[in-house]
Every structure is written in structure tokens, then in C-alpha cells.
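Naming convention: chains lettered A, B, ... in sequence-line order (proteins, then strands); numbering from 1 in each chain.
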There are 2 protein chains.
Amino acid sequence: MIMNESASKRSKWVLHQCCIRSDSRSEKTRRQLLEAAFNEIYEYGFQAASLSRILKNAGVTKGALYHHFSSKFDLGYAVVDEIIATSIEDFWIKPLRDAEDPIETFTQLMYKAAEETGMEMLRLGCPLNNLAQEMSPIDAGFRERLERIFSSWREALANALRGAQERGQVRKDIDPEQTAIFVLAALEGCVGSAKAAQRMDVLYACGNGLIHYLNGLRVVQEG
Amino acid sequence: MIMNESASKRSKWVLHQCCIRSDSRSEKTRRQLLEAAFNEIYEYGFQAASLSRILKNAGVTKGALYHHFSSKFDLGYAVVDEIIATSIEDFWIKPLRDAEDPIETFTQLMYKAAEETGMEMLRLGCPLNNLAQEMSPIDAGFRERLERIFSSWREALANALRGAQERGQVRKDIDPEQTAIFVLAALEGCVGSAKAAQRMDVLYACGNGLIHYLNGLRVVQEG
DNA sequence: ATTGACATACCGACCGGTATGAATGTAGGC
DNA sequence: GCCTACATTCATACCGGTCGGTATGTCAAT
């Protein structure tokens, strides 16, 4: 028992010592709140998200929540900044930087997304777009944060397309910025259509349409 | 004996039977409820729509509402069936039937939509898609109704494309059904992107991208 | 007298948010 | 090393307000 006490005490002390890190007790609680909030918002949207359900799923109480976040909106903003933004950045944006063949890269990312989160995406759509559709018209805080994500996504794709143009992979008669805007819109439209229909075949048909469009951007091959 | 009943009684009977007329006091109240409910749902979504706000805007009380509709869901379903479905049918579907040049027709409808409801559409998006994105994953009643609308929209566009193929206006190497699915997804994606950004230039860039894609479906002209 | 078409008043459930206090560390003086 | 003073980190209880829904009353038209 004594050993137990001292051991646990020391480990906690060391733990706290070496970590402003994310494995302190406080940070862990905060993490659980963020993840539970993300799931709740993903499932029901922000407005219909229930704090009590979030607390139940996070396994903490309301005191903990309002210690870490000042309001429901503050929690929602943190979900956008710390979960949605980073996951879009990691999954979609980073691979586009210095991609040898951006059209191939983007297509592969679509397949990868369908593989990894197919069922969830079919049922619930894209978390980023869901939140943008719900909150952009009615709250500037959400709109600015979400649009910042979309904006860097579009920028990354436009840059990739411009690079491919310069390397002679993509037709020179298309505008990279406009094309990037349309491609992301079409992508979100495809996910949304499949979600609306709740049918996998719609997702596939739509995805193929988009891939077909993307390949149409390549320089015409003679032969 | 039934025939012997007075003419007025019979006409009322028929009237009550069919509920065709819209100038009775009851039908007017119902209509006001439907329109106020549509506006509220369009602005806030179904889940966040407030019955008290609907009642205030309709100028009636809760008794009237629950006389005409059995629940909030029943009201929402009626909005889909009697407002959204008919407006999509009138605006987008009917013009596609026996259109001489469906690509031209569709493009013109996009311009017309931007003209007629530009500001509102920029701020709040497409009522049909909004509701589908919000409710399809979590309520079968909404999903079936909304998907029925999408389905006939897609069917009308696919038929129009097939007709254009047969008339030699559209390339024969594209699949009308898949193309229709993609075009509607892209359209909703464009509206959604503009709404998310709350920027008109995104709507224009995106619309031009879609129009460019549509024109790419035409048979290649020599010259 | 009965019925359709509402209006009014009210209900329990749940909402987001707060006030309070109890553990649980944590830094500084000795 | 130990005790005290303080700061974090939560748990509990509770708040006013709004939610969708219901029960009952009213009143004109049959």
C-alpha cells in the first residue's frame, strides 16, 4: 500500500513535471470532452447537440466542461479548431503539397476516404461541410473558422493544379483557383448526395463522375 | 336517397372530401402555418425550428397548429410534400421535360435561380438539400420524402440527357444516369460552398465550373 | 345540439448556464 | 522534509427559460 502510494505519487509528479504535454489529467479530460463533443455534433449538428449527452459520453460532469470551456459555442469552436481543422489538414491538404501528380493524389485520397470512413461518411457526411452548412449563415464565429479551413484546402488544391500546369500535366486553359473551388464543391456535393440518399451506389456513381471530370483536366494525349 | 340530398350539401361534401379549394378559412390558416414553417425551417433547420416562432409568424395559436397537424414532424413532412416538392417540380423538373437543348435549359435555370433567389440562396442555400443533409441520417420519414424529390429530379435530368444523346447533341460515351447524379451533386455542392463561404464570388466561380463541365458534355464540334 | 376551427392555459422534460464546495495537487517559507 | 497558502480541477445542486405537446374552453356555422 505504501509502495502503491509513493509509486503513484511519483509517477503523477513526474507526469506533471515533464508535461505541459497532453497526458496530464486536465488535458485528458479536455481531450475526452472535445472528442465526445465532436461525435455529438457530427451526429446531431451543433444546435441539436446536447451537453448532457456529451458529458455522459465523455464521462465527466458539467463542472469539468465549464472549467475548460466558457460556453457551448466555445466548445464548438474548439472542436473546429482542434479536431476538424487538423484532420482535414492531415488527410487532404498535406498530401497535396509537393504531390507529383495532384490529380492522381486527389483521386487516391477519395478512394482512401471511402475505404477508411465509408460507412460513417455515407451515413453522416463530411463533418466540416455539415457544420458549415448548419452554422455559416447564423454564426460568424463558426463561419470564419470553417471558411479558413476550406480556404486553405482550396489554396492547396489550386497550388497543386498550377504546379501540374507548369509541369505540363494539366491543361493550360483552365483556371486553377476556379477549378479548385468547383472540385471541392463537387466533392462535398457527392458526399452530401450519398448521405441524402443513404445509398452507397450514389456515392460511387458520384465519385466516378468527379474522377472522370478530374481526368478531363489532364493534357490531351495524342495516340 | 343519397342523390336526393341537396345540391349544396353535396358540393360541400365534395369540397370537404377533396379539400381542393384554398379559400376556406381553414385552408388559409393551414397555408399560413405551412409557409411560416417553411421559412422557419429554411432559416434554422428542422430540429432548431421553434413552434412558437412559427406560430407567431403565422399569426395563429398552438390550438390551430395541432388542429391541422398532429406533431412537429407531421408539419415538417407537409412542408416537404406541399412546398418544397412542388417548387422543385415547377422550377427544375418541368422545364427539363421535352427541353430542346437540356444543357442550355439547365444552364438557363441556374442563371434564373441566381437572379430570382440570389441573395437568399447565398445566405441559406437550397431548402431541399438543407433538410436532406440535416434529417436524412436521423429520420426515415424525411429521408424517403426528400429522396423521392431528388430521385425524380435526377430521373428528369437523365431522361433529358438521354434524349439529347439520341438527337446527337450530347456525347454518347457518357452515362445519362451517372451524369445526372453528378450534375445535381455538383449543383448542390456549388450552392453549399457559396453558402459556407457566404461569398457571391464563390457561387459564380463554382457555377462557371459547372457550366463548363456541362458544355463539355456536348458533342465535339469540328472547325 | 352538434361539429369544426380554433384560442388559452398549462404540463413535464430538457435546455444551457451558474454558484458553491470539495478534492487534489503545487509553490514558498521555515 | 514539512507545513501552510494558494491554485487547479473538477462534482453536485440548482436556476430560469424554452421545448413539444395536451386538455379544455369558446364560438360561429350548421
I'd like to check B:K195 versus B:L122 (side-chain heavy atoms, cut-off strictly below 4.5 Å). Are they in contact? no
Consider the side chain of A:S52, meaning its heavy atoms from C-beta on, and name the nucleotide among C:dT18, D:dC19, C:dC15 that approaches it most closely. C:dC15
Could you check how far CG of B:L51 sits from P of D:dG17, rounded to whole Å? 20 Å
Which one, D:dG21, D:dT8, D:dC19, comes nearest to the side chain of B:S50? D:dC19
I need the NZ-P distance between A:K72 and C:dG16, as an integer number of Å. 4 Å
Just compare C:dT8, C:dC15, C:dG16 and give me whichever is closest to any side-chain atom of B:K62. C:dT8
Among C:dG17, C:dG16, D:dG21, the one nearest any side-chain atom of B:S71 is D:dG21
Regarding B:A49, tell me which of base, sugar-phosphate or nothing describes its non-hydrogen contacts under 4.0 Å with the strands shown. sugar-phosphate
Between D:dG20, D:dT9, C:dC6, which nucleotide gets closest to the side-chain atoms of B:H68? C:dC6
Ranking D:dA11, C:dC6, D:dG20 by distance to the side chain of A:V60, first place goes to D:dA11
Of the options B:Y213, B:W92, B:F91, B:W153, which is the one that meets B:F106 in a ring-ring contact (aromatic ring centres under 6.0 Å, His included)? B:W92
May I have the distance from A:E27 (atom CD) to D:dT8 (atom P), rounded to whole angstrom? 14 Å
Please tell me which of the listed nucleotides, C:dA7, C:dG17, D:dC10, lies nearest to the side chain of B:A64? C:dA7
Looking at side-chain heavy atoms only, is the closest gap between A:S136 and A:E147 below 4.5 Å? no
Just compare D:dG20, C:dG16, D:dT12 and give me whichever is closest to any side-chain atom of A:T61. D:dT12
Exam field: side chain A:E188 to backbone A:C126, donor-acceptor pair closer than 3.5 Å: no
